[in-house]
Undergrad: 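Let me give you the structure first, and then I'll get to my questions.
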Amino acid sequence: MASILLLTRALIPSSAVLPGLELLSHRIKVMSPEPTALITAPEADLIMLDGRTDLAGARSLCRLMETTGNTSPVIVITTEGGLAAVNHEWGLTDVIVDSASPAEIEARIRLAIGRTHAESVALTQHEIRTGDLAIDENAYSAKLRGRTLDLTFKEFELLKFLAQHPGRVFSREHLLQEVWGYDYFGGTRTVDVHVRRLRAKLGPENESLIGTVRNVGYRYVATPSSERESHDVLV
């Protein structure tokens with residue numbers, strides 16, 4: 001059973017908008033399709049938007065939800081004649097006609113929710129999270145407490161490698177092999193330089209995320225600042 005948010009101006013919501021939906025066992029919350037209402041809207045597994053009489057308004061609301069970070073799949077309800085106006089630029093998940101049978105509605109709900117969940121899982125598989133640090137391997141970007149870090153490619157690769165193994169200490173030689181490759185002819189001083197630059201970009205309050213273990217190497221420290229200071233000595 002899914003929780004569904006139905007956005008409509010209909011006076012008799014479910015039975016008037018999508019009669020077949022009434023015959024299913026999903027939890028349905030009805031709200032007016034006002035942009036301001038979306039701010040207080042409860043979380044839902046799926047959003048259904050009534051576009052039978054106002055396709056332009058439905059399109060605008062779809063685009064708005066897409067730009068404001070909505071993560072729930074969106075199905076637009078329309079008439080047979082309205083199908084010709086719907087396209088991928090709307091930012092919706094699926095479209096369904098108001099005369100659809102309960103079996104078709106159930107199938108589309110199940111597929112929309114399943115597809116969104118699969119996409120979410122695929123995305124998180126390419127994301128590394130440790131403490132306040134979030135690294136997106138696909139986009140080659142890193143954020144610390146929501147702030148995007150301006151990193152070079154090697155700085156990104158070094159931070160990613162350390163963050164993938166929080167608490168584990170790596171020698172400079174090991175980091176050279178993993179980040180720069182076996183065919184790199186530079187010295188281990190390269191690692192020190194990149195660590196120094198990384199710490200500068202992390203900022204004074206976060207530079208201790210990359211800890212130094214004296215005479216050994218570096219490690220990523222995902223612990224509170226007070227604990228870091230007692231364990232690591234920064235260079």
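Worth saying up front: this structure is predicted, and the values here are computed from it rather than measured.
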Undergrad: Grab the two heavy atoms, one from Arg199 and one from Gly211, that are nearest each other, plus how far apart they are.
TA: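 Reported closest heavy-atom pair: NH2-C, 3.7 Å.
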Undergrad: Between Lys160 and Tyr220, is there a side-chain heavy-atom distance shorter than 4.5 Å?
TA: no
Undergrad: Do Leu61 and Leu7 come close enough that some side-chain heavy atom pair is under 4.5 Å?
TA: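 Leu61 vs Leu7: side chains touch.
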Undergrad: Would you call Glu207 and Lys201 a salt bridge, taking side-chain N to carboxylate O under 4.0 Å as the test?
TA: no
Undergrad: So if you build clusters from Ile, Leu, Val, Met, Phe, Trp, Tyr with side-chain heavy-atom gaps below 4.5 Å, do Leu49 and Leu64 land together?
TA: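 The answer is yes; both residues are in one hydrophobic cluster.
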Undergrad: Could you tell me which non-hydrogen atom of Gly51 sits nearest to which non-hydrogen atom of Ala58, and how far apart they are?
TA: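 The pair with the smallest heavy-atom distance is CA-CB, 3.9 Å.
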Undergrad: As an exercise, state the distance from CG of Leu55 to SG of Cys62, rounded to the nearest 0.5 Å.
TA: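 Leu55 atom CG to Cys62 atom SG measures 10.0 Å (nearest 0.5 Å).
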Undergrad: Below 30° counts as parallel, above 60° as perpendicular, anything between as tilted: where do the rings of Phe161 and His165 land?
TA: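 Aromatic pair Phe161/His165 classed tilted.
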Undergrad: Let me confirm one number: the CZ-CG distance from Arg189 to Asp192, rounded to the nearest 0.5 Å.
TA: 5.0 Å
Undergrad: Is atom CZ of Arg129 surrounded by more than 12 heavy atoms (other residues, nucleotides or ligands) closer than 6.0 Å?
TA: no
Undergrad: Determine whether Val213 and Tyr218 make a side-chain contact, defined as any pair of heavy atoms from C-beta on separated by less than 4.5 Å.
TA: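 Side-chain contact under 4.5 Å: no.
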Undergrad: Search all heavy atoms of Ala44 against all heavy atoms of Ser3 and return the closest pair with its distance.
TA: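 That closest heavy-atom pairing would be CA-OG, 3.5 Å.
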Undergrad: State, yes or no, whether a side-chain contact exists between Leu6 and Ile77 at a heavy-atom distance under 4.5 Å.
TA: yes
Undergrad: Just checking, is any N or O donor in the side chain of Ser141 or Asp136 under 3.5 Å from an acceptor N or O on the other one?
TA: no
Undergrad: Check the pair Arg145 / Asn206 against side-chain hydrogen bond (donor to acceptor under 3.5 Å, both in side chains), numbers first and verdict last.
TA: CA-CA 10 Å; Arg145 298 193 182 96; Asn206 299 302; 2.6 Å; yes
Undergrad: Sequence neighbours left out, what passes salt bridge (Lys or Arg N to Asp or Glu O under 4.0 Å) with Arg197? Give chain and number order.
TA: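 Salt bridge (Lys or Arg N to Asp or Glu O under 4.0 Å) list for Arg197, sorted by chain: empty.
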Undergrad: Using the rule that Ile, Leu, Val, Met, Phe, Trp and Tyr join whenever any side-chain heavy atoms are under 4.5 Å apart, tell me whether Val193 and Val179 fall into a single cluster.
TA: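 No, Val193 and Val179 fall in different hydrophobic clusters.
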Undergrad: Could you state whether Leu24 and Leu111 fall into the same hydrophobic cluster, counting links through intermediate Ile, Leu, Val, Met, Phe, Trp or Tyr residues with side-chain heavy atoms under 4.5 angstrom apart?
TA: no
Undergrad: What is the distance from atom CD1 of Ile105 to atom CD1 of Ile75, rounded to the nearest 0.5 Å?
TA: 9.5 Å
Undergrad: Parallel, tilted or perpendicular for Tyr140 and Phe153, by the 30°/60° rule?
TA: tilted
Undergrad: Please round to the nearest 0.5 Å and tell me the distance separating atom OG of Ser72 and atom CE of Met65.
TA: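 Ser72 OG to Met65 CE: 9.0 Å, rounded to 0.5 Å.
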Undergrad: Does any part of the side chain of Asp94, heavy atoms only, come nearer than 4.5 Å to the side chain of Pro73, both counted from C-beta?
TA: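 In short, these two side chains do not touch, never coming nearer than 4.5 Å.
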Undergrad: Check the pair Thr188 / Glu173 against side-chain contact (heavy atoms from CB on, under 4.5 Å), numbers first and verdict last.
TA: CA-CA 6 Å; Thr188 55; Glu173 291 79 7; 3.7 Å; yes
Undergrad: Just do the side-chain contact (heavy atoms from CB on, under 4.5 Å) check on Asp150 and Thr148 with the steps written out, would you?
TA: CA-CA 6 Å; Asp150 183 17; Thr148 300; over 6 Å; no
Undergrad: For a quick check under 3.5 Å, do Arg108 and Thr93 share a side-chain donor-acceptor pair by atom type?
TA: no
Undergrad: Going through the checks in order, is the side-chain contact (heavy atoms from CB on, under 4.5 Å) test met by Leu209 and Leu133?
TA: CA-CA 10 Å; Leu209 284 172; Leu133 180 68; 5.5 Å; no
Undergrad: Ignoring hydrogens and angles, tell me if any N or O in the side chain of Asp98 forms a donor-acceptor pair with the backbone of Ala100 under 3.5 Å.
TA: no
Undergrad: Looking only at non-hydrogen atoms, find the nearest pair between Asp45 and Ala2 and report the distance.
TA: OD2-CA, 3.5 Å
Undergrad: Tell me the closest heavy-atom pair linking Met48 and Leu21, and the distance in Å.
TA: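 Closest approach of Met48 to Leu21: SD-CD2, 4.0 Å.
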Undergrad: Nearest 0.5 angstrom please: Ile113 CD1 to Ile4 CD1, how far?
TA: 6.5 Å
Undergrad: Within the 4.5 Å heavy-atom criterion, are Ile109 and His26 side-chain neighbours or not?
TA: yes
Undergrad: Is Ser208 close to Val221 at the side-chain level, that is, under 4.5 Å between some pair of heavy atoms?
TA: no
Undergrad: Could you check whether any side-chain N or O of His194 sits under 3.5 Å from a backbone N or O of Thr190, counting only pairs where one atom can act as donor and the other as acceptor?
TA: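 Side chain of His194 to backbone of Thr190: a pair is present.
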Undergrad: Going through the distances and angles, do Leu149 and Leu159 end up as a side-chain contact (heavy atoms from CB on, under 4.5 Å)?
TA: CA-CA 11 Å; Leu149 302 174; Leu159 180 61; 4.1 Å; yes
Undergrad: Taking the side chain as every heavy atom from C-beta outward, state whether Arg9 and Glu34 have any pair of such atoms under 4.5 Å apart.
TA: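 Result yes, sub-4.5 Å side-chain heavy-atom pair found.
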Undergrad: Of the options Ile210, Val169, Thr130, which is the one that meets Leu162 in a side-chain contact (heavy atoms from CB on, under 4.5 Å)?
TA: Ile210
Undergrad: Would Glu157 and Lys154 pass as an ion pair if we require N to O under 4.0 Å?
TA: no
Undergrad: Might you point out which heavy atoms bring Ala10 and Arg52 nearest each other, and give the distance in Å?
TA: CB-NH2, 4.1 Å
Undergrad: Rounded to the nearest 0.5 Å, what's the gap from CZ on Arg110 to CD on Glu106? Could you check?
TA: 6.0 Å
